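Here's the structure, in structure tokens; my notes come after.
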Amino acid sequence: MNEKERDALLKLQNSRNHKALCPKAVERVFLQALARYPCLKEADKAARDQLHQIAGAFLRTGEVKRARNLLDRGAPVEALLALHASTRERPGWREIYGRIFEKAAPAHVVDLACGLNPLCLGALGMPCLGLDLYAGAVELVNAYAARAGWPVRCEVWDLLGDRELPGGDLVLMMKLLPVLERQQSGAGAHLLARAKGRHKLVSFPTRTLGGRNVGMEAHYENWLMDHLPEGHRVRDRFVQNSELFCLLEDTNG
Ligand SMILES: C[S@@+](CC[C@H](N)C(=O)[O-])C[C@H]1O[C@@H](n2cnc3c(N)ncnc32)[C@H](O)[C@@H]1O
């Protein structure tokens, strides 16, 4: 990187919408954009668009501030969950986890690209470690869980890096794999194969953000079957509120 590019990266990392993201991930996205667009202005715009698609679109900067206010006022967990697009679209989470816990019987859950979802697990008394590149979400979950006395902890983590992943009895990859594939072709399949746990819960949206049914359920289910890691079988499969859930079991022993 030359000096102008380094300055642009620093500015991007410290900008209002991106300073709560893992700086290494912002750098990765910026470098990818620079490789595609020789013009710095275009690369900067492409990086901002990509960062919006992978993180900002789900939990906006203003919502993080609102969530902190709710936290200070001791609001119920549902009020916070409603601020993140993914948990907002999952009002039946108690029922979903009831069904999954019955089959997988986990004692500990690892939630990859967790958003605010570890708050659901905490409310159910399930110990959970959540990882996400969005420090704003990580801090919110940690603050709420500490106040509630829940066995939940989150860390800032870029899943496209090469750090070894922590293992759990049940590993969640919810509404994640297509987001990773968009960042780097093959990254979703690679994560699915290297995640460590006897059970893995993956989910996919079945409708567009505008609510249209354009065949996403069949598309993502076929994708999953094509990328099922060796020795894995589907233990459960269901659709709830425009989300396809597949519980995988690693039978490798
Ligand atoms: C669609 S949301 C899903 C959130 C949560 N899994 C759920 O379903 O409630 C996608 C999440 O992936 C996170 N994310 C995207 N790319 C990531 C990466 N490379 N490493 C870690 N987290 C990532 C975003 O910050 C966001 O919280």
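Counting starts at 1 for both ligands and their atoms, in listed order. Source: prediction; values computed, not measured.
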request  = Verify ring-ring contact (aromatic ring centres under 6.0 Å, His included) between Trp223 and His227, making sure each step is shown before the conclusion.
outcome  = CA-CA 6 Å; Trp223 181 92; His227 296 91; 4.4 Å; yes
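Listed by atom number, the atoms of ligand 1 under 4.0 Å from Arg28 heavy atoms are 19 (N). Residue contact check: Asn117 has heavy atoms under 4.0 Å from atoms 9 (O) of ligand 1. Distances below 4.0 Å separate heavy atoms of His84 from the following atoms of ligand 1: 2 (S), 4 (C), 27 (O). Within ligand 1, the atoms closer than 4.0 Å to a non-hydrogen atom of Trp157 are 20 (N), 21 (C), numbered from 1 in the order shown. Residue contact check: Lys175 has heavy atoms under 4.0 Å from atoms 1 (C) of ligand 1. Those atoms of ligand 1 with a heavy atom of Leu180 less than 4.0 angstrom away are 19 (N). Every atom of ligand 1 with a heavy atom of Gly115 under 4.0 Å away is listed here by number and element: 27 (O). Counting the atoms of ligand 1 from 1 in the order shown, those under 4.0 Å from a heavy atom of Asp158 are 18 (C), 19 (N), 20 (N).
Ranking the protein heavy atoms by distance from atom 24 (C) of ligand 1 puts Ile54 O, 3.2 Å first. Nearest protein heavy-atom neighbour of atom 20 (N) of ligand 1: Leu159 N, 2.9 Å.
Side-chain heavy atoms closer than 4.5 Å link hydrophobic residues (I, L, V, M, F, W, Y) into clusters, and following such links, possibly through other members, connects Leu9 to Leu51.
Any N or O atom pair closer than 3.5 Å counts here, and Leu133 shares at least one such pair with ligand 1. Checked by distance only, ligand 1 and Met174 come closer than 3.5 Å through their nitrogen or oxygen atoms. Below 3.5 Å of separation, one finds an N or O of Gln183 facing an N or O of ligand 1. In terms of N/O distances under 3.5 Å, ligand 1 is approached by Arg90. The N/O atoms of Asp132, backbone and side chain alike, include one that comes under 3.5 Å of an N/O atom in ligand 1. The shortest N or O to N or O distance between Ala113 and ligand 1 is below 3.5 Å.
Taking CG from Asp132 and CG from Leu21, the interatomic distance works out to 9.0 Å, rounded to the nearest 0.5 Å. To the nearest 0.5 Å, atom CZ of residue Arg6 and atom CG of residue Leu10 are 9.0 Å apart.
Note: Tyr144 and Trp150 have tilted aromatic rings, judged against thresholds of 30 and 60 degrees for the angle between ring planes.
Side-chain atoms of His232 and Lys200 form a donor-acceptor pair, as typed in the model, at a separation below 3.5 Å. In this model, a donor atom of one side chain and an acceptor atom of the other lie less than 3.5 Å apart for Arg28 and Gln183.
In this structure, Arg99 forms a cation-pi arrangement with Phe238, its terminal cationic atom sitting closer than 6.0 Å to the ring centre and no more than 45° off the ring axis.
Ion pairing of Lys45 with Asp49 is present here, as a side-chain N (NZ or NE/NH1/NH2) and a carboxylate O approach within less than 4.0 Å.
Which of Cys114, Ala187, Ala55, Ser86 comes nearest to atom 1 (C) of ligand 1 through a heavy atom is settled by distance: it is Ser86.
Around atom NZ of Lys65, no more than 12 heavy atoms belonging to other residues, nucleotides or ligands sit under 6.0 Å away.
The side-chain heavy atoms of Leu170 and Tyr97, taken from C-beta on, include no pair separated by under 4.5 Å.
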